[in-house]
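Some notes on the structure that comes next.
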Amino acid sequence: MNVNGEMLKLFLLAHLCIGVAGGCSTPQPAWKRFVQEQIPITVQKGEPTLFQVHVRHGSNFLGIQCAPELWQTLTNGGTDKISIQLVTSSHIGTDIYGVRPGRLLPKPQSEGGGLAPAGFALFTNTQYLCAITGKHKGTATVEITFPGGPNEPSAAEIIVSKLPDDLKMKTILGF
């Protein structure tokens, strides 16, 4: 056998090993493919929570992923009392809009009907907060204050969803 044949065997063996090793890893939850960014935060009653988000050209939904008990505590003061505002931005024209924490939309009957968090129906324990729009490759600092919530700091995550157009899932997600 010549050198090219030996190289081919080595390549195939390496490819097989990588494939087997990759198949043994823990699979990611299906909803992760819809995530643009995950931002760890700490929430506490009445305390402002600041975080920085990478802004894309167009709009992205912001949601909060936390235990259902924490969400219930955060909304004890009413979702209309939750304050979400843009603090700073690296580009002019960045804006927060659609501020409706906990917004629910009807699910199609083909999916069992009922209600699901707007823009986050496929995400586990995630509630819609608002949307952000701006220019590509910008950053924005956002402040959220929950009038209700735990007296001690509690961990949660801000989920920035991908654009439905990015996923070519516009009709499936109902946007």
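Using a distance-only test at 3.5 Å, with no hydrogens or angles considered, a donor-acceptor pair links the side chain of Thr94 to the main chain of His91. For Thr73 (side chain) and Glu69 (main-chain N/O), a donor-acceptor pair under 3.5 Å exists by modelled atom type. Within the 3.5 Å criterion, the main-chain N or O of Thr49 finds no donor-acceptor partner in the side chain of Glu143. In this structure, Gln65 contributes its side chain and Thr124 its backbone to a donor-acceptor pair below 3.5 Å.
Here the closest heavy-atom approach between residue Gln44 and residue Pro153 is recorded as OE1-CG, 3.4 Å. Considering every non-hydrogen atom in both Gly138 and Ser90, the closest pair reads CA-OG, 3.2 Å. Minimum heavy-atom separation, Asn60 to Ser161: ND2-O, 2.6 Å.
With a 4.5 Å cut-off between side-chain heavy atoms of Ile, Leu, Val, Met, Phe, Trp and Tyr, the cluster of Ile84 takes in Ile39, Ile41, Val43, Phe51, Val53, Val55, Leu62, Ile64, Leu70, Trp71, Leu74, Ile82, Leu86, Ile96, Val99, Leu129, Ile132, Val142, Ile144, Phe146, Ile158, Val160.
Evaluation of the side-chain contact (heavy atoms from CB on, under 4.5 Å) rule for Gln72 yields Asn76 as partners, not counting sequence neighbours.
Note that CD of Gln127 and CZ of Arg100 are 13.5 Å apart. Values are rounded to the nearest 0.5 Å. For the atom pair CD (Glu37) and CD (Gln52), the distance works out to 8.5 Å, reported to the nearest 0.5 Å. Lys45 NZ to Glu152 CD: the interatomic distance, rounded to the nearest 0.5 Å, is 12.0 Å. A distance of 12.0 Å separates OG1 in Thr79 from CZ in Arg103, rounded to the nearest 0.5 Å. In this structure, Thr42 OG1 and Glu157 CD are separated by 11.0 Å, a value rounded to the nearest 0.5 Å.
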Worksheet item: Can you check side-chain contact (heavy atoms from CB on, under 4.5 Å) on Gln85 and Ser83, steps first, answer last?
Response: CA-CA 7 Å; Gln85 56 189 342; Ser83 167; 4.2 Å; yes
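Using a 4.5 Å heavy-atom cutoff, the side chains of Thr145 and Glu47 are not in contact.
Taking the six-membered ring where tryptophan is involved, the planes of Phe61 and Tyr128 are perpendicular, since the angle between them exceeds 60° and thus also 30°.
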